[in-house]
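Worksheet: one structure, shown below.
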Amino acid sequence: MSSTGESKRGGFTSRVGFVLSAAGSAVGLGNLWRFPYLAAKYGGGIFLLVYLILAVTFGFALMITEVAIGRKTKQSCIGAFRSLNRKFSFLGWMAAIIPVIIAPYYCVIGGWVLKYFVDFLTGQGTAAAGDTYFKDFISVSSSGLIGNPMFWFGIYIVLNAVVVLFGVQKGVEKASRILMPMLVVLIVVVTVYSLTLPGALEGVRFYLLPDLSRFSPMTVLGAVGQMFYSMSLAMGIMITYGSYMSSEDDLERSVSQIEIFDTGIAFLAGLLIVPAVVAFSGGDTTLVQQSAGSGLMFGVLPKVFDSMPFGGAVGAVFFMLVLFAALTSSISLLETIVSLVEDNLHWQRRKATIVVSVGLLILGIPSCLGYGPLSFVSLMGMAFLDFFDFISNSVLMPIVALLTCVLVGHIVGTDVVSSEVKMNGHVFKREKLFKVMIRWVAPILLLVVLISSVADKFAIGGFVI
Ligand code: PHE
């Protein structure tokens, strides 16, 4: 373990700072555009129940493991896994590659969100609700700068870089302390408004009441897959954030709070989106079950807002909250990569941030132009962005999570985590549960998720990002 990494390492000012920053990473596009769709598709209340049970068992075990490893080793993932077991250095490298794959395309999408936010803010909401608006935008059909996704992608990266440049306390933590509470207020406001729309009640019923006819094993798999993406697991983020956490703080309580935050926002997003779309469709639930990912966010929702009273303002507020959610997530990706560079190359933060940001800008070009000038390229039948999303979320992340369970559960032993949690006299309330999960249940679920998502891709195609 390098002592340089430890002595110069930044840290959160307090437990709340850690919780808000980690929740900032967790709450992202996954909560807003994927969770509501999955809940609608896989049985409403029954999906919510399965998700909740998994969050306090499976999600809890994986997250506490990562945060504990980070806090114990005080290193980002490469060093952290290496110091747990030399033979598992490769796992640190694998985990480190994931943010490098995700960050560029996540920032491309962040740029799209920024563009829609500015559109609604400047009264262009009706134009943005046009049938071909989104397609024209991502296919770079307009010649102007404002209509070019590269422009928005560039600005979005600069926003992230500025925050990370300021370091852990003055950048990441400060941004999270401001943006996360604002996000909560905004989502509550728009949700309440959405619930007052005529016809919204039908959507609320559809979202909350369990519908066993929509329940299948896919409900469980969908929930597992969604969960570890949503909690920013298996990509070194929680290890890095854990490494900035004080050893005095109550780890178990912090992890529970991050989970509550993440699940709560996902739940509210569903309560906002499902009734709004159902009301828009005049009580029909077909559209809400079919709309997912970017099609929902940039295709359906602008139309829904445009049809409401005060739609321009609602759209602006909504895209602002999406922007905050996306920003705190991409900041965590950038911070994780910068931290890896600092730890392993011993560069200063300034140099690391600038070089990494420029690198991301270059790496993101294929994803940004993949639906336009580069659309002739297809990787396994997918555009660049969808391909990177598939490789990271459906292949690499389950593998890294699975191997982490094997390492902690069967090779180094669960005591590395337990002893870290119990540090300073804290009681590890869910220790037994954690052990069973990490040794047996989580690896099995992850293996099934891995197999099914790969099989699904080849059998059906059209994976939802
Ligand atoms: N947890 C984030 C979400 O729900 C996803 C994410 C992925 C965040 C990668 C950071 C990095 O959208």
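Hydrogens, waters and symmetry mates are skipped; everything else that's a heavy atom, side chains included, is used. Whatever order the structure lists them in is the order used to number ligands and atoms, beginning at 1.
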Aromatic plane relationship, Phe318 with Phe305 - under 30° parallel, 30 to 60° tilted, over 60° perpendicular
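The arrangement is tilted - the two ring planes meet at 30° to 60°.
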How long is the straight-line distance from CE of Met320 back to CG of Leu121, given to the nearest 0.5 Å?
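The CE atom of Met320 is 7.0 Å from CG of Leu121, to the nearest 0.5 Å.
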Taking the six-membered ring of [Y] (Phe, Tyr or Trp), confirm whether the NZ or CZ of [X] is under 6.0 Å from its centre and within 45° of its axis.
X: Lys115; Y: Trp112; answer: no
X: Lys303; Y: Phe280; answer: no
X: Arg82; Y: Phe88; answer: no
X: Lys174; Y: Phe166; answer: no

Could you report the tightest heavy-atom contact between Ser367 and Tyr105, atom names first, then the distance?
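What the structure gives for the nearest pair is OG-CB, 3.7 Å.
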Measure across Ala200 and Pro275 and return the closest heavy-atom pair with its distance rounded to 0.1 Å.
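Distance-wise, the nearest heavy atoms are O-CB, 3.5 Å.
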side-chain contact (heavy atoms from CB on, under 4.5 Å), paired with Leu333, selected from Ser25, Pro104, Pro99
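Only one of Ser25, Pro104, Pro99 forms a side-chain contact (heavy atoms from CB on, under 4.5 Å) with Leu333, namely Pro99.
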Atom indices of ligand 1 within 4.0 angstrom of [X] heavy atoms, with elements:
X: Asn31; result: 3 (C), 4 (O)
X: Leu29; result: 3 (C), 12 (O)
X: Gly28; result: 3 (C), 4 (O), 12 (O)
X: Ala26; result: 1 (N), 2 (C), 3 (C), 4 (O)
X: Ser25; result: 1 (N), 2 (C), 8 (C)
X: Ile237; result: 10 (C), 11 (C)

Among protein heavy atoms, which lies nearest atom 12 (O) of ligand 1, and at what distance?
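That would be Gly30 N, 2.7 Å.
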Selection from [options] by shortest heavy-atom distance to [atom]:
atom: atom 7 (C) of ligand 1; options: Met397, Gln226, Met235, Met227; answer: Met235
atom: atom 6 (C) of ligand 1; options: Ala23, Ser392, Ser232; answer: Ser232
atom: atom 11 (C) of ligand 1; options: Leu333, Asp262, Leu334; answer: Leu333

Does Tyr229 approach ligand 1 within less than 4.0 angstrom via side chain, backbone, both or neither, non-hydrogen atoms only?
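Looking at Tyr229 and ligand 1, atoms from backbone and side chain both fall under 4.0 Å.
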Heavy-atom distances under 4.0 Å decide this one: backbone, side chain, both or neither, for Ser329 against ligand 1?
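It is both backbone and side chain that touch ligand 1.
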Would Leu32 count as a contact of ligand 1 if the rule is a heavy atom under 4.0 Å away?
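No, Leu32 has no heavy atoms under 4.0 Å from ligand 1.
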